[in-house]
Structures are given as C-alpha cells and as structure tokens.
A.B. asks: 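Take this structure first; my questions come after.
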Amino acid sequence: MDCARLLVSMDAPLVTRFTASDDTLKFGIKMFPLTTDIDQLKAVCLRTRRQIIEMITAAKSGHPGGSLSATEIVVTLYHSILRHDPANPKWPDRDRFILSKGHACPVLYAVMADCGYCPVDQLNTLRQMGSIYQGHPDVRFLPALEASTGSLGEGLSLALGMGLAAKLDGSPARAYVVLGDGEVQEGQIWEAAMFGGFHQVDNVCCIVDRNKIQLDGFVKDIMDLSPLVDKWRSFNWHVIEVDGHDIGELQKAFAEAADTKGKPTVLIANTIKGKGVSFMENNPKFHGTAPTKEEAEKALAELV
Amino acid sequence: MDCARLLVSMDAPLVTRFTASDDTLKFGIKMFPLTTDIDQLKAVCLRTRRQIIEMITAAKSGHPGGSLSATEIVVTLYHSILRHDPANPKWPDRDRFILSKGHACPVLYAVMADCGYCPVDQLNTLRQMGSIYQGHPDVRFLPALEASTGSLGEGLSLALGMGLAAKLDGSPARAYVVLGDGEVQEGQIWEAAMFGGFHQVDNVCCIVDRNKIQLDGFVKDIMDLSPLVDKWRSFNWHVIEVDGHDIGELQKAFAEAADTKGKPTVLIANTIKGKGVSFMENNPKFHGTAPTKEEAEKALAELV
Amino acid sequence: MALKIKFENKIGPATREAFGKALVELGKENKDVVVCDADLSKSTYTNGFQNAFPERFFECGIAESNMVAIGAGLASSGKIPFVASFSAFILNKGFEQLRVTAAFPNVNLKAVGTHSGISIGEDGPSQMSIEDISLATSLAGFTVLCPADEASMTALVKAAAAHVGPVFIRAGRSKAAILYSASDTFTIGKAVELASGSDVTLIGTGLMVAECVKAAQTLEAEGVSARVLDFHTVKPIDRDAISRAAKETGAIVVVEEHLVDCGLGTRVAQVVTETTPCVMEFIGVDTYAESGTPEGLLEKYGLVASNVVTAAKKVISRKR
Amino acid sequence: MALKIKFENKIGPATREAFGKALVELGKENKDVVVCDADLSKSTYTNGFQNAFPERFFECGIAESNMVAIGAGLASSGKIPFVASFSAFILNKGFEQLRVTAAFPNVNLKAVGTHSGISIGEDGPSQMSIEDISLATSLAGFTVLCPADEASMTALVKAAAAHVGPVFIRAGRSKAAILYSASDTFTIGKAVELASGSDVTLIGTGLMVAECVKAAQTLEAEGVSARVLDFHTVKPIDRDAISRAAKETGAIVVVEEHLVDCGLGTRVAQVVTETTPCVMEFIGVDTYAESGTPEGLLEKYGLVASNVVTAAKKVISRKR
Ligand SMILES: Cc1ncc(C[n+]2csc(CCOP(=O)(O)OP(=O)(O)O)c2C)c(N)n1
Ligand SMILES: Cc1ncc(C[n+]2csc(CCOP(=O)(O)OP(=O)(O)O)c2C)c(N)n1
Ligand SMILES: [Mg+2]
Ligand SMILES: [Mg+2]
C-alpha cells in the first residue's frame with residue numbers, strides 16, 4: 001500500500017515502557033514519535049475533525065457524532081500513548097487499538113492516515129466500493145487495523161484476548177479499546193468486564209465514549225446506564241472518570257491505567273456527541289446523518 | 001393428564017393481593033391454599049428433598065446439588081407466596097414461576113407434583129423417553145410449566161416479558177425466576193437486569209441461588225461474582241440478601257419484594273449446594289452426578 | 001412466458017417501510033400486538049408503532065438477546081409481540097433465545113430482521129445479513145417469510161400476526177420494485193407464480209424476485225419461456241410448486257441475496273432431488289461483501305437480472 | 001459393495017474424548033496452542049489440556065459470546081486458540097462473534113462444539129444441537145469438520161490446527177463405533193470412501209457414518225451394492241465425490257444427526273443438481289427431540305441402520 005509517512009515534529013515519548021527486543025531488529029521498528037504537547041495535539045484534533053466532516057460529507061452517509069466525540073481519545077492514544085510504528089503495523093510488541101464502536105471509523109481512518117498508516121488523499125473515498133476506507137473497519141481492506149468491527153459489543157473481548165496473548169508472550173504490548181455508551185448495553189460487554197476483572201487483565205484499557213446519545217436518542221431515555229462508575233467498579237475494574245475532550249486529563253488517566261496492576265482500567269470519558277460543530281453537538285440527528293454540503297461548510301468554518 | 005390433587009391442611013394465605021375477577025369465574029379458580037407455618041413448610045422441604053434423591057437415583061443421571069440448594073426457595077414460593085391453582089394452570093392472573101437454571105428441575109417437578117399439578121407416582125420416570133419429567137423443563141411434555149429452560153441465561157428476560165404483559169393487562173400477576181449463580185455470568189442476565197431496572201418492572205422478583213458452585217468447580221475459582229450485591233444495585237435493583245434455607249427469611253423477603261415499587265427485586269439467597277445430604281453439601285461432584293444406590297440410601301437415611 | 005402481473009419496473013417503498021406501516025395497522029386492529037426494538041426503531045420503521053402506541057412499545061436498547069426473550073415472555077402471556085432489529089443482529093445474537101424460548105416451546109413470537117442482504121449499501125458487511133435465511137430456517141417450527149415488495153410485505157405481516165406460532169420476517173433496506181397491488185392475496189407456504197413458462201423456472205425471494213421477472217422478460221425476447229416463482233415463504237417450503245417446476249420445466253435457477261450454499265437454493269435442491277431430479281443453477285454470494293451503493297453492489301456481486309439470464313441459459317443447456 | 005475398512009462394530013471413545021486427547025498432544029507440540037472453555041471443561045474434555053498446560057487454558061465461565069471473541073483476540077495476536085463448549089451454546093450464543101471476529105476477518109480461530117445431535121441422551125433437547133451444521137456452514141470461509149470416530153477426530157484436530165483459517169469441529173457425547181485406525185490419513189475437504197458400490201451411495205457424517213456402514217452390510221446381504229462415503233468435512237464440500245456418486249450410482253441417501261432440511265443433505269443436493277441430477281433421500285430429524293437413552297432416541301427418531309436400509313431401497317426404486 002502506498003503509505004506516505006507524515007513527518008510531524010514531536011516531543012519525546014510520554015511513556016517509555018518499550019525496551020528493545022529482537023522484534024525491533026526483525027521488524028526494523030522506528031517508533032512513532034509520541035508527544036505530550038497539548039497545543040500540538042489540539043492541532044491534530046482540529047485537522048482530524050475537519051477531515052471527519054469532509055470524509056462523511058463526501059460519502060453522503062456515515063456517523064459524524066460519535067466520530068467527533070471520540071476525537072481527543074483517539075488522537076491522544078495515537079500521538080501520546082500507543083507504542084506503534086506505522087511502517088510496521090504487524091510488529092508483535094506494538095500496542096493494540098480497537099474501535100469497538102466501528103461506526104465511528106472516520107476518526108480512526110483520519111488519525112491513522114495522519115500517522116502514516118494509509119493514504120490521506122484517499123480518505124474521501126470513504127464508503128465507496130473498493131475503498132480501503134470501508135463503512136465500518138474491515139481488515140480485509142485495511143490490514144493495519146487490529147479488528148473488523150461494526151457489530152457492537154465485541155471489541156472489549158477482542159482486546160482482552162490480545163491482552164492475554166501479550167501476557168503469555170511476556171510482551172509489553174497493551175490493548176486499548178473504545179466503546180460507545182449505547183454499546184455498553186450489550187451483555188457481552190458485561191461478560192467481558194467480568195472476565196477482565198476476574199483474570200486481572202491489567203494490560204487492557206477500555207474507554208467508554210460517554211457521549212450520552214445512541215442511535216434512537218438519548219441514552220437516558222433509551223436504556224439508562226447510571227450509575228455507570230458503580231457498574232464497572234462492581235465488576236472489579238479500576239475506574240477513572242475524565243473529561244474526554246481534555247487531552248491532559250486523558251494523558252494522565254492513560255498513565256494511571258498503565259501503572260495500575262492487578263486490575264484492568266476503564267476510562268469513563270465524558271464527551272459531547274458531535275463535539276466541535278455547534279449544530280451537531282448533543283444532537284441525536286447527527287449520530288448517523290451526513291451533513292449536507294452547506295452544513296459541511298458551516299462546520300468547517302467553525303473548525304478553525 | 002391424571003393429576004391427583006394432594007390434600008394438605010394449610011393455613012390461610014400469607015399474601016392476599018388476589019382480588020376476585022372475571023377470570024376466577026371463567027377459570028373456576030380455587031387458589032392453592034398458602035401457609036406461613038414454618039414447621040409445615042419444613043416438612044414439605046423434607047419430602048421434596050427425599051423425592052429429589054429418589055428421582056435422580058432412578059434416572060441414574062441429573063443434578064442433585066442445585067436441586068437441593070433451591071428446595072426452600074421453590075417450596076416457599078409454591079406454598080407461601082404464589083397465587084396459583086394447580087387445577088387451572090393457565091389462569092391468566094396467576095403468578096408465574098420460572099426455573100431459569102432448568103437443570104435443577106427435579107425440585108420443581110417434586111414441588112409441582114406435590115401441589116397437584118402432575119402425578120407424583122410418575123416422578124421416578126424422570127429423564128426417560130416420553131416422560132413428562134424431561135431432563136430439563138419442557139412445556140411440550142408438561143404444559144403447566146411456564147417455560148422451557150435448560151439453556152442458561154434466558155429466564156430473567158422471560159420473567160420480565162411476563163411482568164410487562166401483566167402490567168399491560170392490569171393484572172396483579174407477579175413473575176418469579178430462579179437463577180443459578182454460575183448462570184449470572186451470562187451477559188443476557190445483565191442485559192435483562194439493565195432492562196428491568198430501567199423499565200421498573202417491579203412485578204418481577206429474581207432469586208439468585210447463591211450456592212457458590214457451578215459445573216466445573218467453585219464459582220470463586222471459575223469466574224468470581226463478588227461483589228454480587230453491588231452489581232445488582234448498580235443495575236438499579238432492590239437487593240435483599242437472605243439465607244436461602246431460612247423459610248421465614250424468604251417469606252419476609254418475598255413480602256418486601258412485593259411491597260417494593262418502582263424497582264424489581266433480587267434476592268441473593270445464600271445457600272449450600274447439595275443442602276441436606278452431608279456428603280453432597282458443598283461438593284462440586286454432585287452438581288451433575290446422580291447418587292449410586294448406596295449413596296441414595298445414605299442420603300435418605302439423613303433426610304428424616 | 002406469460003407475465004401474470006403488470007410489471008413496470010416502478011420502484012416502491014422498501015419492505016422494511018411496508019413492515020412498519022403494517023405494524024401500525026395491526027396495532028389498531030388488535031390491542032395484543034406489542035413491539036420491541038433494540039435501538040434501531042428509525043431504521044426498522046417500528047417507530048411508527050412507537051409513536052402510535054407508546055405504551056405497547058418496549059425499547060430494549062442495544063441488547064438483542066434480551067429483546068428476543070422478552071418478546072417470548074410477552075408471547076407466553078398472550079401478547080403478539082413483534083421484535084425487530086437488523087437481521088444480522090436479531091438472528092445472530094438472538095439465535096439461542098429464538099431456539100429455546102420460541103421455537104422449542106412453539107411460542108407465538110414474531111421476529112423481524114431488516115437490512116437483509118447486501119443491498120443495504122454503504123454500511124458494509126458488518127450490518128448485512130447474508131445468512132439469515134439459513135439461521136431462521138434452522139429453527140424447527142418457525143415460519144420464515146421473505147416478501148418481495150410493499151404489497152406482499154403488508155399482506156404477509158398480517159398473515160404472520162394471524163398465524164399462531166413463531167415467525168421470522170426478512171425485510172430489506174432498499175426501495176423495492178413494485179410487483180403486486182394491495183388487492184393481491186398471499187398464502188403462507190404457497191409460492192406465487194408471477195409468470196408461466198415451460199423452458200426453465202426462475203425462483204426468487206425478496207428483492208431478487210423482481211430480477212427474475214426482468215430476466216424472464218429478456219429471455220422471452222430471446223425465445224425462452226421462463227416460469228417465475230416468488231418464494232415469499234421460505235419455510236414451510238412449497239414442495240408442490242417445486243416439484244411441478246422440476247417436472248414441467250426441467251431446469252431451475254434459484255436467486256437469493258444470501259450465501260449461496262446455505263439458503264433457499266439448497267432447500268429447493270433438496271425437494272427437487274426428493275421429488276423430480278432436474279438440473280439447477282444457483283445465484284447468491286459466497287463471501288462477505290463491502291461498502292458501496294446498493295445498485296453497485298448487486299451488480300458487482302452478480303445479483304441482477306443479467307446474471308439470472310446467463311444462469312437460465314446455462315441450466316437449459318444442461319438439460320438432457 | 002466392498003468394505004474398505006475392517007468394521008467389527010466395536011465401540012470406541014466418544015469423539016469429544018478423542019478431541020480432548022488430541023488437544024493435549026497439540027499442546028505439547030506447539031506452545032501457541034491455547035484453549036478456552038465455558039464451564040464445561042469436564043464435558044468437552046478440555047480439562048486434559050487444562051491440567052497439562054494450566055497457563056494456556058482460559059476459563060471463561062458461562063459466557064459463550066465473550067469466549068468466542070476472546071479466542072479471536074488471542075488468534076489475532078498469533079495464538080492458535082481452541083474455544084469449546086456444547087455445540088448448541090458455542091454456535092447459538094457465539095454466532096455473531098464467530099461471524100464478525102473470526103469469519104469476516106479470516107482469523108485463525110478453532111471453535112469446537114461437543115454434544116451434537118440427539119445422541120446426547122437424557123439431558124434432552126435444550127442441550128442438543130441439531131442445527132450446528134447449518135450454523136457453522138453459514139460462516140463464510142469456515143472449514144466445518146464432523147469426524148465419525150476416535151482416529152478420524154484425532155487426525156482432523158491436528159489438521160485443523162495446521163490449517164490457517166477459522167475451523168468448526170463438531171463432536172459427539174456418546175461413544176462412537178470404531179471405523180479407522182491411527183494409521184489412516186484424512187484430508188480436509190476429501191470424503192473417505194469406506195465402501196465401494198454401484199447401486200446407491202450412502203453419505204453420512206459423525207455417528208451416522210457407522211450406521212451407513214452397517215446398512216451397507218445389510219444391503220449387500222440382500223444383493224444391493226452400496227457405496228459409503230464419510231463426509232468428515234462438511235465444508236468445503238467434496239463436490240467431486242458427490243458428482244461421482246451421482247453419476248456412478250444414480251441414487252444417494254444422506255444421513256445426519258441434524259435437522260433434515262438445513263444440514264449436510266441440502267448441501268449435497270445442491271451439488272447434485274449443479275452437476276449430475278439424481279434421486280435422493282434424506283434422513284435427519286425435523287423437530288426437537290426429548291430425553292432418553294442415546295440408543296433409544298436414535299431408534300425412535302429414525303437414525304439407525306435400518307432406516308438407512310429402508311431409504312436406500314426407496315431411493316433405488318425411484319431411479320428411472
Ligand atoms: C449489535 C449491534 N446492534 C445494533 C447496531 C446498530 N447501531 C449502530 S450505531 C448504534 C448506536 C450506538 O450508540 P453508541 O454506542 O452510544 O455510539 P456513539 O454514541 O459513540 O456513536 C446502533 C444501535 C450495531 N451496529 N450493532
Ligand atoms: C448456556 C449454557 N451454557 C452452559 C450450560 C451447561 N451447564 C449446565 S448447568 C451448568 C452450571 C450451572 O451453575 P449454576 O448456575 O451455579 O447452577 P447451580 O449451582 O444452581 O446448579 C452449566 C455450565 C448450559 N446449560 N447452558
Ligand atoms: Mg453514545
Ligand atoms: Mg451454583
């Protein structure tokens with residue numbers, strides 16, 4: 001695949017759990033340069049949001065709301081936290097990222113392209129036949145993805161399986177997974193939560209994008225989750241509540257998660273669905289509706 | 001079906017929520033006489049336990065442990081709590097009972113037969129071809145059952161559906177469902193728990209037979225549930241912890257459940273798997289192993 | 001062939017939309033009809049019922065397994081519940097519940113799966129069901145319906161409600177070509193002969209019925225007389241229509257928006273070999289598809305009239 | 001017919017037991033082999049592996065959906081996971097996970113379902129899977145195996161581990177008649193001809209293979225030459241063996257401990273009509289069974305050699 005690596009000047013990595021192994025030699029690993037610089041990350045978020053709007057507008061369908069709410073989460077992970085190398089997406093010791101709420105893939109595609117995994121100039125082929133940017137993440141088309149998702153409820157289990165494999169291999173790899181808050185209604189999430197707590201899969205970090213809206217409306221009206229922190233705690237997870245749009249808080253929380261042993265960590269990331277675009281914010285309509293051309297222009301005018 | 005109604009002298013009903021309706025006329029309802037008399041109920045439990053041992057011994061396979069642990073729960077429900085009429089098992093306003101952990105059906109068959117739903121003298125045909133006493137509850141063979149079970153995880157949802165139907169119909173019917181503690185690992189239980197709490201299905205009462213053992217061993221070793229009370233509370237249920245072998249505590253808890261409005265109630269009934277037979281108590285082997293003839297004799301000698 | 005309907009290749013509403021409208025009518029007629037949905041009421045069109053009868057609508061959130069068994073509980077207490085989601089989710093996540101709480105005790109539950117097949121388009125394969133006919137027909141005692149257009153869906157939703165026993169209804173996302181009018185009648189288990197013919201029989205279900213009709217028109221122009229059968233009921237299967245087709249035309253093509261090796265085609269083949277062996281060809285998909293426009297996908301994955309024409313000619317050439 | 005094996009109708013271990021033993025051997029040979037179970041390790045026989053390699057065994061509790069996707073996660077990180085439960089539970093509760101986390105991305109997961117068919121006996125239909133062949137073959141890209149005895153299970157578990165891609169293995173609870181010896185070899189996708197014959201072909205899978213062999217013996221005594229094929233691989237299906245059987249014997253009986261209208265039989269019929277149409281008969285069940293002894297149930301539900309003999313005679317009489 002023609003993957004032009006983006007060269008962005010970056011600070012030193014925040015987390016340096018990584019130690020040289022045979023893999024780095026075999027795979028010729030050149031870690032993606034991580035940064036803690038919040039201004040820089042904010043800039044990445046801004047261009048990611050613009051990209052999301054452009055992609056979905058071009059596709060004329062897709063899910064802007066949940067892509068925009070997860071922007072800081074995904075950007076912070078790829079730019080501050082994950083040990084990864086876009087030139088070697090199958091490096092065994094890499095950290096894993098799974099977007100369990102696969103419908104929000106525009107944010108993932110935008111960030112992965114920005115990191116150099118895949119071409120930026122094809123992002124606007126989103127949802128077209130043959131595009132590597134499928135309507136939901138599909139490893140057949142974009143092998144750098146860790147998982148094909150789109151059927152809600154499955155990503156946490158996958159991350160736990162990857163966490164177990166890393167432990168068996170004595171690998172420092174960690175697995176990160178983003179769930180939607182509506183998604184948390186799936187029973188499989190609680191099976192996985194029970195498993196993770198019981199087996200102490202502490203190299204897994206789960207992030208709930210708590211944007212308070214699902215497909216048919218507000219979570220509190222469809223199937224309320226409160227008290228969500230109590231739920232996860234009673235399933236023996238280390239719970240951190242954060243402002244999911246505050247990059248500094250996210251960085252701290254991810255560091256705390258990495259330091260937490262004997263328990264997996266879940267971040268309840270309070271977010272705003274549609275964040276960054278005034279008329280999309282907290283508006284259930286934009287869960288799964290593409291902006292019109294005019295709306296897109298208005299949105300891009302706000303995203304500066 | 002040749003259902004000889006057992007005539008046992010009983011006290012007045014404990015709960016008299018029942019008010020005469022057209023149904024009582026149409027269905028010729030003669031409520032099963034309920035009682036609060038603990039000595040009498042203990043006697044029923046004793047003969048139920050003897051029956052369980054005899055049935056499973058005759059069948060040469062089956063699940064004694066979870067039948068014995070649930071004996072006081074099922075006996076208390078049928079003799080102190082449920083508004084039911086064995087002669088009219090389809091009376092619309094009856095209370096419903098579902099044994100979600102269907103493998104423990106010997107206790108249900110014994111109690112139903114004792115109440116007059118079905119022949120006592122065929123109990124020892126358990127698990128034989130054509131028997132109404134199938135290896136797991138099967139409404140095709142015993143239509144007085146409320147549900148066919150055996151695949152764990154489904155009974156709570158069924159009870160909630162019945163609870164919703166009763167509310168739509170303005171019926172006083174309540175639905176009771178017994179789960180195994182291993183069963184509570186199924187994600188569907190948590191989907192149902194979330195639904196019940198959210199939709200405030202307060203005419204449903206769930207009982208978890210907390211006997212601490214599942215098929216492969218102790219729950220704490222297979223997939224620990226602690227803190228179980230916190231889990232249910234965080235799913236917005238009214239939680240009552242009881243000694244599941246103390247009939248008085250059970251009666252009080254069921255009364256409290258009936259009085260609790262706006263929330264469904266779950267009883268965490270602490271029990272001993274194999275209760276009443278020394279060598280079966282707390283012994284994982286007797287989850288799904290029938291006693292030998294000698295073991296059965298020993299057991300019956302203890303059950304006096 | 002002789003077409004028995006007026007077919008103008010006019011596009012009507014999607015079958016899911018027809019389902020939603022029929023539900024509202026049912027709700028008016030029968031207060032025991034209740035509806036459950038799993039956070040997809042805008043897509044399954046159950047939101048019409050929800051707006052009309054909010055007290056009889058139960059939102060289950062994104063929890064399909066529970067929804068199915070909630071429905072079975074409602075049915076066990078005398079209600080006529082329609083539980084709906086995307087076909088992929090209600091069947092694939094609710095299968096054990098459909099088996100144990102509905103099929104096994106023969107409970108009066110109606111399960112509805114929308115967004116069947118690959119014609120859902122841009123959302124891609126995670127949301128497409130190409131195995132729903134297989135799963136639904138693997139539930140003993142279930143009736144499985146897959147109507148082709150608005151009028152047949154409307155009639156068959158009513159027939160499903162009137163039928164006592166578990167039913168699965170398969171519905172599509174895309175707009176469907178109009179085949180029938182509101183006055184046409186449908187019987188569960190009885191295929192509709194849309195065109196008489198003697199050289200070959202084209203059997204379709206769902207959106208593929210219209211492709212069969214178009215193919216028959218093309219074939220006629222080339223002097224081939226094709227019978228067209230609408231299998232709106234996949235189970236119980238119309239054995240009689242199949243054996244007559246085998247006997248009278250000696251060649252059958254089955255067309256379905258489904259995995260080709262586990263759907264309607266295999267069931268028809270079974271009846272053919274049990275009654276009157278004849279040559280057959282099968283049109284379906286053999287892998288998970290991708291994002292794209294509905295039309296583009298149907299074309300790319302070989303599910304349009306021209307593919308039916310080719311298969312018909314091939315199967316005829318195989319006749320001895 | 002000419003029997004190609006020494007068949008003494010001797011009873012050997014259940015295929016689930018053979019699976020459990022083969023797993024332990026695999027564990028010794030390959031440290032990437034890992035096992036997950038859902039509180040049934042004593043019944044699926046994964047407890048042998050658990051005892052031998054506790055650090056590579058993951059107890060998932062009674063939570064089959066999660067178990068399947070945990071397995072897919074392990075596989076995505078390079079492990080070779082075998083995830084096991086009763087067939088009814090792993091497929092019916094794990095189907096969507098098998099589809100999206102294994103089939104769709106072509107992940108190297110091995111799913112194993114024991115307690116298939118009605119021969120599980122006294123536990124009754126809630127624990128029996130009579131739809132597992134249908135569900136497993138509805139997963140595009142899956143290989144589906146259903147070995148008949150100890151030796152074939154042992155060989156095919158190893159073949160499954162060596163095969164890169166998702167596999168489902170169907171195993172039974174009851175002891176299985178011995179058909180093969182440890183030196184016999186098996187190729188995924190290639191049926192084994194256990195007896196040559198020219199009047200009729202008997203196709204069986206799992207426990208039903210032995211019934212076909214017994215039926216062939218009875219038929220031979222009556223002057224009927226029956227070919228017997230062991231379809232240990234249900235998918236990919238051996239098209240070649242089917243079309244040769246159709247051509248050379250002109251009549252086929254398919255026997256399976258499964259719902260008759262959605263299992264191996266329908267798949268064979270499809271290939272027959274696609275290649276060489278011939279008459280066929282099908283033996284399977286059409287409803288949920290009940291409790292009873294394994295032998296009693298097989299007899300009552302028509303899954304023994306005498307039923308195969310009757311069907312064989314019938315199908316031969318239908319030949320033109
Ligand atoms: C199993 C399953 N059921 C239903 C859907 C359809 N669906 C797609 S998105 C969505 C709502 C998701 O809400 P949430 O998890 O809160 O995501 P977000 O708000 O972050 O977009 C639903 C129901 C699905 N994709 N998978
Ligand atoms: C879905 C499902 N998975 C697995 C089983 C097999 N099984 C039967 S009983 C049992 C253990 C149940 O333990 P628990 O719920 O604690 O019941 P109890 O201790 O009361 O007998 C298992 C795993 C089943 N019946 N259903
Ligand atoms: Mg949300
Ligand atoms: Mg228990």
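All figures in this text were calculated on a predicted structure; none of them were measured in a lab.
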A.B. asks: What part of D:Tyr288 is in contact with chain B, defined as an atom under 4.5 angstrom from a non-hydrogen atom: side chain, backbone, both or neither?
C.D. replies: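 Both backbone and side chain of D:Tyr288 come within 4.5 Å of chain B.
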A.B. asks: Quick one: do B:Met129 and D:Leu297 satisfy side chain to side chain contact (heavy atoms under 4.5 Å, CB included)? Show the steps, please.
C.D. replies: CA-CA 8 Å; B:Met129 208 153 64; D:Leu297 290 171; 3.6 Å; yes
A.B. asks: Is chain D contacted by the side chain of B:Ser61, its backbone, both, or neither, given a heavy-atom distance below 4.5 Å?
C.D. replies: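 Only the side chain of B:Ser61 comes within 4.5 Å of chain D.
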A.B. asks: To the nearest 0.5 Å, how far apart are CD in D:Glu122 and OG in B:Ser131?
C.D. replies: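 The CD atom of D:Glu122 sits 12.0 Å away from the OG atom of B:Ser131.
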A.B. asks: Which heavy atom of B:Gly150 sits nearest a heavy atom of D:Phe89, and at what distance?
C.D. replies: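 Result for this residue pair: O-CZ, 4.3 Å.
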A.B. asks: Return the CG to OG distance between B:Asp216 and D:Ser43, rounded to the nearest 0.5 Å.
C.D. replies: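 It is 7.0 Å, given to the nearest 0.5 Å.
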A.B. asks: Inspect the surroundings of NZ in D:Lys10 and state if more than 12 heavy atoms from other residues, nucleotides or ligands are less than 6.0 Å away.
C.D. replies: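 No - once you tally the heavy atoms of other residues, nucleotides and ligands closer than 6.0 Å, there are 12 at most.
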A.B. asks: Give, as side chain, backbone, both or neither, the part of D:Ala289 having an atom under 4.5 angstrom from any heavy atom of chain B.
C.D. replies: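 Only the backbone of D:Ala289 comes within 4.5 Å of chain B.
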A.B. asks: Heavy-atom distance under 4.5 Å to chain B: side chain of D:Gln127, backbone, both or neither?
C.D. replies: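 The side chain, not the backbone.
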A.B. asks: What distance separates B:Gln214 CD from D:Glu59 CD, expressed to the nearest 0.5 Å?
C.D. replies: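 It is 7.0 Å, given to the nearest 0.5 Å.
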A.B. asks: Could you tell me which non-hydrogen atom of D:Gly61 sits nearest to which non-hydrogen atom of B:Gln185, and how far apart they are?
C.D. replies: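 Heavy atoms only, the tightest pair is CA-OE1, 3.5 Å.
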A.B. asks: Taking atom NZ of B:Lys212 as the centre, does the number of heavy atoms from other residues, nucleotides or ligands within less than 6.0 Å exceed 12?
C.D. replies: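 More than 12 heavy atoms, drawn from other residues, nucleotides or ligands, come within 6.0 Å of this atom.
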A.B. asks: Relative to chain D, which segment of B:Thr149 carries a heavy atom at a distance below 4.5 Å: side chain, backbone, both, or neither?
C.D. replies: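 The answer is the backbone of B:Thr149.
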A.B. asks: Select one option (side chain, backbone, both, neither) describing which atoms of B:His63 are under 4.5 Å from chain D's heavy atoms.
C.D. replies: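 The side chain, not the backbone.
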A.B. asks: Once you round to the nearest 0.5 Å, how far does CG of B:Leu215 lie from CD1 of D:Ile62?
C.D. replies: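 CD1 of D:Ile62 is found 7.5 Å from CG of B:Leu215.
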A.B. asks: Heavy-atom distance under 4.5 Å to chain B: side chain of D:Thr44, backbone, both or neither?
C.D. replies: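 For D:Thr44, there is no contact with chain B at all, as no heavy atom is under 4.5 Å.
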A.B. asks: Any side-chain heavy atom of D:Ser126 within less than 4.5 Å of one from B:Glu154?
C.D. replies: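 In short, these two side chains do not touch, never coming nearer than 4.5 Å.
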A.B. asks: Could you grab the distance from atom CZ of B:Arg127 to atom OG1 of D:Thr293, nearest 0.5 Å is fine?
C.D. replies: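 Nearest 0.5 Å value for the CZ-OG1 distance: 12.5 Å.
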A.B. asks: Roughly how far, to the nearest 0.5 Å, is the CG atom of B:Leu152 from the NZ atom of D:Lys93?
C.D. replies: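 The NZ atom of D:Lys93 sits 7.0 Å away from the CG atom of B:Leu152.
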A.B. asks: Is it the backbone or the side chain of D:Ser65 that comes under 4.5 Å from a heavy atom of chain B, or both, or neither?
C.D. replies: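 It is neither, since no heavy atom gets under 4.5 Å.
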A.B. asks: What residue, out of D:Ala63, D:Gly124, D:Ala88, has the most heavy-atom pairs lying under 4.5 Å from chain B?
C.D. replies: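 The candidate making the most pairs under 4.5 Å is D:Ala63.
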A.B. asks: Please look at B:Gln128 and chain D and tell me whether the side chain, the backbone, both or neither of the residue comes under 4.5 angstrom of a heavy atom of that chain.
C.D. replies: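 For B:Gln128, the backbone is the part near chain D, not the side chain.
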A.B. asks: Need one label for B:Gln188: side chain, backbone, both or neither, based on atoms under 4.5 Å from any heavy atom in chain D.
C.D. replies: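 Just its side chain gets close to chain D.
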A.B. asks: Is D:Glu290 reaching over with its side chain to a backbone N or O of B:Gly130, donor-acceptor style, under 3.5 angstrom?
C.D. replies: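 Yes, D:Glu290 side chain to B:Gly130 backbone: donor-acceptor pair under 3.5 Å.
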